[in-house]
Amino acid sequence: MENKDGADVPGGLGPLAGELGIELVEVDGRAATADDLLWRAVRADGHFTAAQVRGGKVRGMGVHLQRLCAASRELWGDELDPELVRERVRHALRGGARDAALRVYVHRPGGALSLMVTLAAPGEVGDEPLRVRSVPYVRPFPHVKHLGGFGQTHYGRLAGREGYDEILLTGPDGEVAEGGITNVLFWDGERLVLPTAPALAGTTLTLLEQGLPAAGPEPVRRPVRLADLAGFRSAFLANSRGIVAVGEIDGHAYEVDDALLGRLRAVYEAVPWEEV
């Protein structure tokens, strides 16, 4: 869909698109213009969802739509038509991108809801356990997948310079909320524990919570603080790319429980892919 410098990317994108890995950008069902992108570049006001597309289908599409509609209602008091979202995604996929990393952004330029759809190369989690560092930061309005997250981006950048793969967002009292771009799950040897601090309910975590009661182990929710982390045997991170084990947090090593990781992935992968 693109050459190395992005010159022939559909949607009229230039070299920057190739650098970012973006292969297509459409706004309201048409190729994005410079004016479309300029407004979005100077106004970090909106929300989005991220999903993987396989064979033109999305796992948990209904959950993505519910979250987009709820956030549009909360941010602006507007009702977003879920069928319009489906139509815009189908239009972006029409060029033959059956497998892709999809993002749907909702903005409100000129007082009306506007949908931007981007496609990039598909992604999967690896099998290597991740190194995680805690940071003293929590996202404002964390239940909304909103734009403008400088704090988590910069903390992630700083952690990356020290060789970490992800950050763990924590409150002033050390209460664990979520990862920088993930949700976190802990295993104490008997139970899966999900932190109760305000956080984004990621689609992957939502689908896991729906499937785990029948497949086990059913998760419990309780406050988790940094001081509690040494008491857990294993930890996992989840986002739109999948589920991966944590190897360490702040230098504390965790057991990589391959059997439990396989069970979590099996529950998630049992969720059917939905037609857009």
Side-chain angles (χ1 to χ4, degrees), residues 21 50-52 54 59-60 101 121-139 152-170 174-197 199-209 211-212 215-271:
Q52 294 293 317
R54 298 293 184 271
R59 183 179 276 130
E124 303 282 355
V125 295
D127 290 322
E128 192 70 22
L130 302 186
R131 297 183 67 223
V132 180
R133 173 184 157 186
S134 64
V135 299
Y137 177 80
V138 291
R139 296 188 309 113
Q152 72 201 76
T153 299
H154 189 53
Y155 273 121
R157 180 165 45 233
L158 295 174
R161 292 174 185 170
E162 298 177 10
Y164 291 94
D165 303 297
E166 171 64 312
I167 54 176
L168 196 62
L169 306 185
T170 64
E175 186 171 6
V176 172
E178 57 190 328
I181 56 171
T182 56
N183 287 117
V184 61
L185 307 87
F186 297 99
W187 174 247
D188 65 5
E190 297 181 356
R191 298 167 299 177
L192 271 174
V193 178
L194 304 179
T196 53
L200 179 73
T203 300
T204 300
L205 180 64
T206 299
L207 295 173
L208 273 177
E209 286 195 272
L212 280 170
E218 185 172 359
V220 298
R221 285 190 172 269
R222 66 174 176 80
V224 176
R225 289 178 169 78
L226 290 175
D228 303 325
L229 296 190
F232 293 106
R233 284 175 43 182
S234 301
F236 306 91
L237 298 174
N239 70 5
S240 64
R241 287 177 173 240
I243 306 159
V244 65
V246 173
E248 66 169 271
I249 300 177
D250 293 345
H252 175 77
Y254 288 92
E255 173 188 332
V256 177
D257 191 326
D258 290 323
L260 180 54
L261 176 60
R263 287 159 65 191
L264 294 176
R265 287 178 171 175
V267 169
Y268 179 59
E269 290 165 6
V271 177

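The shown structure was predicted, so the numbers you read here are calculated from the model rather than taken from an experiment.
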Next on the checklist: The test is side-chain contact (heavy atoms from CB on, under 4.5 Å); show your working for Leu185 and Leu194 and say whether it passes.
Outcome noted: CA-CA 5 Å; Leu185 307 87; Leu194 304 179; 3.5 Å; yes
Nearest heavy-atom neighbours spanning [X] and [Y]:
{"X": "Ala50", "Y": "Ser240", "answer": "O-CB, 3.5 Å"}
{"X": "Phe186", "Y": "Ala235", "answer": "CD2-CB, 3.8 Å"}
{"X": "Pro217", "Y": "Trp187", "answer": "CG-CZ3, 4.0 Å"}
{"X": "Arg59", "Y": "Val271", "answer": "NE-O, 3.1 Å"}
{"X": "Gln52", "Y": "Ala101", "answer": "NE2-CB, 3.7 Å"}
{"X": "Glu209", "Y": "Pro219", "answer": "CG-CG, 4.5 Å"}

Checklist entry - With no hydrogens and no angle check, is any side-chain donor or acceptor of Arg139 less than 3.5 Å from a backbone partner on Gln152? => result no
Once you round to the nearest 0.5 Å, how far does [atom1] of [X] lie from [atom2] of [Y]?
{"X": "Asp250", "Y": "Tyr164", "atom1": "CG", "atom2": "OH", "answer": "6.0 Å"}
{"X": "Glu248", "Y": "Tyr254", "atom1": "CD", "atom2": "OH", "answer": "10.0 Å"}
{"X": "Leu205", "Y": "Glu178", "atom1": "CG", "atom2": "CD", "answer": "10.5 Å"}
{"X": "Leu130", "Y": "Phe236", "atom1": "CG", "atom2": "CZ", "answer": "11.5 Å"}
{"X": "Thr203", "Y": "Asn183", "atom1": "OG1", "atom2": "CG", "answer": "9.5 Å"}
{"X": "Arg265", "Y": "Leu261", "atom1": "CZ", "atom2": "CG", "answer": "4.0 Å"}

Item to check | Stepwise side-chain contact (heavy atoms from CB on, under 4.5 Å) test for Val224 and Leu229 | outcome: CA-CA 8 Å; Val224 176; Leu229 296 190; 3.8 Å; yes
Could you check if a side-chain atom of [X] sits within less than 4.5 angstrom of a side-chain atom of [Y], using non-hydrogen atoms only?
{"X": "Thr204", "Y": "Asn239", "result": "no"}
{"X": "Glu175", "Y": "Pro195", "result": "no"}
{"X": "Val132", "Y": "Leu237", "result": "yes"}
{"X": "Val125", "Y": "Ile243", "result": "no"}
{"X": "Val135", "Y": "Leu169", "result": "yes"}

Checklist entry - Under the side-chain contact (heavy atoms from CB on, under 4.5 Å) criterion, do Leu264 and Leu192 qualify, and how do the steps go? => result CA-CA 10 Å; Leu264 294 176; Leu192 271 174; 3.6 Å; yes
Item to check | Salt bridge flag under 4.0 Å for residues Arg263 and Asp257 | outcome: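 Asp257 and Arg263: not salt-bridged.
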Checklist entry - Where do Arg133 and Ile249 land on the side-chain contact (heavy atoms from CB on, under 4.5 Å) test, with the steps shown first? => result CA-CA 5 Å; Arg133 173 184 157 186; Ile249 300 177; over 6 Å; no
